[in-house]
Engineer: 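Can you keep this structure in mind? I'll have questions shortly.
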Amino acid sequence: MRINDPNLLKGLAELGVELRPAARLSDLTSLGIGGTTDLLRITKHESIPGLLNLLDANHIPHKFLGGGSNLLVDDGELPWVVLQLASPEPGVVLEGNLARVDAAADLGRTVTFCAKHDLGGMEGLIGVPGTVGGALRMNAGAYGMQIGSYVREVKLYRAATGEIETLRGHQISFEYRHTSFAADDMMLAVILELPSKPYNEILKGIRICNEKRRSSQPLGQKSAGCIFKNPPGASAGRMIDELGLKGLSVGDAQVSDRHANFFVNTSRASAKDMLALIADVRERVQKAYGVGLENEVVVWNA
Ligand code: EPU
């Protein structure tokens, strides 16, 4: 979708929103898949209510993009514009055991920055690509921990009220890869309360998690991490592996031969290929195990 109306362009400029015309979502997602649309980069949180009013008044549908690492975007010309927070520098401010983090901050860098200041707890998240905002929305987790456990406060834009609000940790429910945030809530910043731990000890934990990840996941390839959520008490990756589906492909979309719940884009896979592969694997697992696998990856259909 293209924004051409001069009044709208003027409104965006007044709000300090940067327009990047015809951005390719394949360049902005870790899967390397996705069509084209206008990208609006937000530099000031305060401009968001005005921006959303402006888009609504001009009937421009929109979606919020985080780090693009858990996302499968449709092909072709997309029927909505994409909003993204510009990454701040430095993105993290520490005060005792509290870390105030901008939602656009890179998750891995945040974990490392806190570690260097003797704040631990998030070792398991090292190596999870994406932004802190994205991790928060999905309650990202790995190796026995999840980000939700450390959330003290979240600043967000609530589409339902049209306002920027602050929620305390206990007002939010964090479950396995699921939170009580509404789909159109936009994460802006978070305060994490992290346990004190000496840097060397945190570093040991980080190294162990890195090693586990390197030995079991296709890190060098284009993927969106795990495609399916694990059903209660089971592992989607193990089930897919047991069915002998590693290497199964549709076009350039392929079930990783390293971890069967990672589907990789080996070259120029389309969303259509990837969605067909997901549907095929889901059906085979349903037939063999009677289990309906739920997507973990977020899908943006055009
Ligand atoms: N397994 C296989 N074959 C495979 C993959 C896994 O037999 O191809 C077996 C493993 O040997 C292990 C079991 O399945 O016994 C579980 O595998 P793994 O430890 O890799 O964990 P997972 O359940 O597949 C989850 C998360 C990952 C996270 C890891 C580590 C989900 C959907 N996945 O994977 O998160 O990194 O644990 O904590 O919850 C993600 O969310 O995108 C993600 C990658």
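Note that ligands are numbered from 1 as they come in the structure, with each ligand's atoms numbered from 1 the same way. Side chains included, hydrogens not; waters and symmetry mates left out as well; all remaining heavy atoms used. These figures come from a predicted structure and were not determined experimentally.
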Engineer: Calculate, to the nearest 0.5 Å, the distance between atoms NZ and CG belonging to Lys155 and Asp102 respectively.
Structural biologist: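 Spacing of NZ (Lys155) from CG (Asp102) equals 8.0 Å.
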
Engineer: Measuring only between side-chain heavy atoms, which start at C-beta, is Met239 closer than 4.5 Å to Leu243?
Structural biologist: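 No. Closest side-chain heavy atoms not under 4.5 Å.
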
Engineer: Looking at Phe262, which atoms of ligand 1 are within less than 4.0 Å of one of its heavy atoms?
Structural biologist: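 Contacts of ligand 1 toward Phe262, numbered from 1: 44 (C).
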
Engineer: For the pair Lys246 and Asp257, find out whether any cationic side-chain nitrogen is under 4.0 Å from an anionic carboxylate oxygen.
Structural biologist: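 Judged by the 4.0 Å cut-off on N to carboxylate O distance, Lys246 and Asp257 do not form a salt bridge.
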
Engineer: Which is closest to atom 27 (C) of ligand 1 in terms of heavy atoms, Glu294, Arg177, Glu242, Lys246?
Structural biologist: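 Nearest heavy atom to atom 27 (C) of ligand 1 lies in Arg177.
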
Engineer: Should the pair Glu14-Lys10 be classified as a salt bridge under the 4.0 Å nitrogen-to-oxygen rule?
Structural biologist: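 Salt bridge flag = yes for Lys10 with Glu14.
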
Engineer: Is it true that Lys212 lies under 4.0 Å from ligand 1, counting heavy atoms only?
Structural biologist: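 So Lys212 does not count as touching ligand 1.
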
Engineer: Taking 4.0 angstrom as the limit and counting only heavy atoms of Gly225, give me the atoms of ligand 1 inside it, by number and element.
Structural biologist: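 Near Gly225, meaning under 4.0 Å from one of its heavy atoms, ligand 1 has 42 (O).
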
Engineer: Who's the nearest protein heavy-atom neighbour of atom 29 (C) of ligand 1, and how far?
Structural biologist: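 The closest heavy atom on the protein side is Gln217 NE2, 4.2 Å.
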
Engineer: Whether Lys204 and Glu201 form a salt bridge (side-chain N of Lys/Arg under 4.0 Å from carboxylate O of Asp/Glu) is what I want to check.
Structural biologist: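 No, Glu201 and Lys204 are not salt-bridged.
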
Engineer: As a test of understanding, state which of Leu28, Leu65, Ile33 forms a side chain to side chain contact (heavy atoms under 4.5 Å, CB included) with Leu71.
Structural biologist: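 Among the candidates, only Leu65 passes.
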
Engineer: Which atoms of ligand 1 have any heavy atom of Arg213 under 4.0 Å away?
Structural biologist: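 Atoms satisfying the 4.0 Å criterion: 36 (O).
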
Engineer: Among all the protein's non-hydrogen atoms, which is closest to atom 7 (O) of ligand 1, and how far away is it?
Structural biologist: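 Atom 7 (O) of ligand 1 sits closest to the protein heavy atom Asp241 OD2, 3.6 Å.
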
Engineer: When you compare the side chain of Ser256 with that of Val264, does any pair of heavy atoms fall below 4.5 Å?
Structural biologist: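 Sidechains of Ser256 and Val264: in contact.
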
Engineer: Do me a favour and list the nearest non-hydrogen protein atom to atom 8 (O) of ligand 1 with residue, atom name and distance?
Structural biologist: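 So the nearest neighbour among protein heavy atoms is Ala260 N, 2.8 Å.
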
Engineer: With a 4.5 Å cut-off on side-chain heavy atoms, are Val128 and Val111 touching?
Structural biologist: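 Side chain of Val111 against side chain of Val128, heavy atoms only: no contact under 4.5 Å found.
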
Engineer: Given that the side chain starts at C-beta and the backbone is N, CA, C, O, which of these parts of Ser235 lies under 4.0 Å from ligand 1, counting heavy atoms, or is it both or neither?
Structural biologist: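 Contact part for Ser235 vs ligand 1: side chain (C-beta onward).
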
Engineer: If the cut-off is 4.0 Å to any non-hydrogen atom of Tyr176, which atoms of ligand 1 fall inside it?
Structural biologist: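 Here the atoms of ligand 1 in question are 31 (C), 32 (C), 39 (O).
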
Engineer: If we only count heavy atoms from C-beta on, is the Arg282 to Asn295 side-chain gap below 4.5 Å?
Structural biologist: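 They are in side-chain contact.
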
Engineer: Under 4.0 Å from atom 37 (O) of ligand 1, is there any protein heavy atom?
Structural biologist: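 Within 4.0 Å of atom 37 (O) of ligand 1, no protein heavy atoms are found.
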
Engineer: Return the residue, atom name and 0.1 Å-rounded distance of the protein heavy atom closest to atom 21 (O) of ligand 1.
Structural biologist: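 Going atom by atom, the protein heavy atom closest to atom 21 (O) of ligand 1 ends up being His259 NE2, 4.3 Å.
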
Engineer: Classify the contact between Phe228 and ligand 1 as side chain, backbone, both or neither, using a heavy-atom distance cut-off of under 4.0 Å.
Structural biologist: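 The answer is the backbone.
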
Engineer: What is the nearest protein non-hydrogen atom to atom 13 (C) of ligand 1, stated with its residue, atom name and distance?
Structural biologist: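 Ranked first by proximity to atom 13 (C) of ligand 1 is Arg238 NH2, 3.6 Å.
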
Engineer: Just to verify, which of Leu31, Leu72, Ile227 counts as forming a side chain to side chain contact (heavy atoms under 4.5 Å, CB included) with Phe263?
Structural biologist: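 Only one option passes, and that is Ile227.
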
Engineer: Where is the nearest protein heavy atom to atom 25 (C) of ligand 1: which residue, which atom, and how far?
Structural biologist: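 So the nearest neighbour among protein heavy atoms is Asn230 ND2, 4.1 Å.
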
Engineer: Can you pull out the closest protein heavy atom to atom 30 (C) of ligand 1? Residue, atom name and distance to 0.1 Å, please.
Structural biologist: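 Minimum-distance protein heavy atom for atom 30 (C) of ligand 1 reads Tyr143 CE2, 3.4 Å.
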
Engineer: Can you report which non-hydrogen protein atom sits closest to atom 33 (N) of ligand 1, along with the distance?
Structural biologist: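 That would be Cys226 SG, 3.4 Å.
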
Engineer: Quick check: do Asn139 and Glu175 have side-chain heavy atoms less than 4.5 Å from each other?
Structural biologist: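 A side-chain contact under 4.5 Å is absent here.
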
Engineer: For ligand 1, which atoms, with element, lie under 4.0 Å from some heavy atom of Ala142?
Structural biologist: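 Taking each heavy atom of Ala142 in turn, ligand 1 has 36 (O), 38 (O) under 4.0 Å.
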
